[in-house]
Participant: 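Got a structure for you, written out below as structure tokens; questions coming shortly.
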Amino acid sequence: MNPPAYPDGLSAWGEPPLVTGMNVLTNPLLNKGTAFTERERDVLGIRGLLPPRVFTLEEQMQRTLISVRGKPAAIEKYIYLTQLQNRNEILFYRLVMEHIEEMVPLIYTPTVGEACLQYGSIYRRPRGMFISLRERGHIAEILRHWPQPGVRLIVVTDGERILGLGDLGALGMGIPVGKLSLYTACAGLHPGYCLPITLDVGTENAALLSGPAYIGLREKRARGAAYDEFIEEFVLAVKEVFPKALLQWEDFGNTNAFRLLHDYRHRILSFNDDIQGTAAVALAGVIGALRLTKSSLKQQKLLFLGAGEAGTGIADLFVAAAQAEGLTEAEARARCWFVDSKGLLVKNRGDKLAHHKLPYAHEHPFAATLEEAVKVLKPTALIGVSGTPQTFTQEIVTTMAKLNERPIIFALSNPTSKAECTAEQAYGWSDGRAIFASGSPFAPVEVNGRRHVPGQGNNIYIFPGVGLGALVAESREVTDRMFLAAAQTLASLVGPEDLAVGRVYPSLTKIRAVSLAIATAVAEEAHRAGLASAPRPRDLAADIQARMFQPVYREYV
Ligand code: NAD
């Protein structure tokens, strides 16, 4: 009569304690709502606590879908889905997985941006942990308050650079919550293994600090030693309390993001999705685009708008991939150019360059604008990661189309309102020749009677598989070669049907298969590099697939 062990994820936890009555109904990992069978209602002592009709999971999902679709605004759908997740995780994930293209924009970008802005007023009940500067000296103790034992995956933010929305402080919690939902939906990480964390170190956002509804610390963001010591204590506490966990750094401001990745990547199993995940998904898009232009990485010249985490992360991985094609590091770097808020990144520009920009500050005359830079550099690809909308102007796109038969134009800034150009503009201004991808979804566009389907260069294609692969192999580190393997695997999964409509990513409906393939490639790389602590199963893919969480109800009795 025990409810079953939690469905297996990465390893079995064993039987949870006997739970009955309201305790079953209020535990979202155990609750089946109206789908509890007649016998379960009797044995678990919940008869009368539910309406009499017994529904199947399929019927529940149809009912739920009608409710979601009935909400007029995306943010209301987000709130509804969050409440469903807090009530019944199996039903939530079944709905998200079966309607992935409709649900991902609701539980993640672009709606999650709006959700973060309103997090203070839509926050209902705990999902994840807030750890603030006040908890200094006690972080390990506080992590032990988390009710699930074997946490394996933590997504953590300090809220400084939430999507393209800037410093939202504690309101950034929507991001780790959303990312972890994607881990479960896309790669089958059991929800019970996932822990979203927001580190509240203050905020520079004056409107939040002076507003009445802000839920975080009302103080300026900590910097310097106070910040570093807090992070150090947090990392040590994670290692102590959840020694097998993978830590994903998420939406940190760019100076901290690079530093933290660099300082901790060999000390705790960790990666930064904004830098490394973005890099892999964008590189996969470029490799996919080359299947349309029928050229090689070696022949590309990339011009980035924005030299932050995303841009330089993509360039670094491009360099690794081009080296694998035979270029030297210097030759590969010479194919990556950047325009940031101060103009073309060149040596002797006159300002002090951040460390991550230095390898791309080439010997070249300065150009003040992107338009000028496009004209003098003649790039094959334009990659927008500036967070600044409408910066790929008609003049720029038209010039790219004059320079290239199939110009690669990726407007990756999120959310949709921040995209450097829209799909309609990219296709329209290039006579339908652009190979376009964006960070947030755009609808297909028809130009001269031809349908173009924009690819969404969404990190969702990469990080769930990378995380799963690193976890099943019990890798000691997440390496750049793992991200390269992930990018190559993703690009190899773009089918002829995708390329026929100009799409450089597979359909999201294949996301579980994509994540499985990436997890397998990543785990394989962990074994190859001698980083895996788990023994290598004979059939790696089958082993990983068997561990993936499936949203199906177990029979409790
Ligand atoms: P960041 O703050 O680290 O970097 C932004 C860079 O853009 C800086 O170099 C800044 O100087 C530059 N910039 C800003 N405005 C500019 C302008 N008008 N002209 C030229 N340069 C300008 O941010 P990030 O983490 O690199 O993210 C940048 C954008 O990329 C965000 O909008 C984010 O949503 C998006 N992004 C997309 C994906 C994806 O689609 N998969 C992944 C990660 C980030």
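Every number for a ligand or one of its atoms is a count from 1 in the order of the listing.
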Participant: Applying side chain to side chain contact (heavy atoms under 4.5 Å, CB included) to Trp337 and Tyr360, what does each step give before you reach the verdict?
Facilitator: CA-CA 6 Å; Trp337 293 79; Tyr360 302 104; over 6 Å; no
Participant: Going by atom types only, do Glu331 and Gln323 share a side-chain donor-acceptor pair under 3.5 Å?
Facilitator: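 No, because no side-chain N or O of Glu331 sits under 3.5 Å from a partner of the opposite role on Gln323.
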Participant: For residues Phe463 and Tyr183, establish whether the separation of their ring centroids is below 6.0 Å.
Facilitator: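 Yes, close enough.
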Participant: Assess whether atom CD of Glu372 is packed by more than 12 heavy atoms of other residues, nucleotides or ligands within 6.0 Å.
Facilitator: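 Yes, CD of Glu372 has more than 12 neighbouring heavy atoms, counting only those of other groups under 6.0 Å.
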Participant: With a 6.0 Å cut-off on the ring centroids, do Tyr461 and Tyr505 count as close?
Facilitator: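 Aromatic pair counts; centres sit under 6.0 Å.
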Participant: Does some side-chain heavy atom of Lys179 sit less than 4.5 Å from a side-chain heavy atom of Tyr108?
Facilitator: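 When only atoms from C-beta onward are counted, Lys179 and Tyr108 do touch, with a gap below 4.5 Å.
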Participant: Could you please provide the protein residues found below 4.0 Å of ligand 1 on a heavy-atom basis, arranged by chain and number?
Facilitator: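 Ligand 1 is contacted, at a heavy-atom distance under 4.0 Å, by Arg161, Leu163, Gly164, Asn254, Thr278, Val281, Leu305, Gly306, Ala307, Gly308, Glu309, Ala310, Val339, Asp340, Ser341, Val385, Ser386, Gly387, Thr388, Leu412, Ser413, Asn414, Gly439, Gly457, Asn459.
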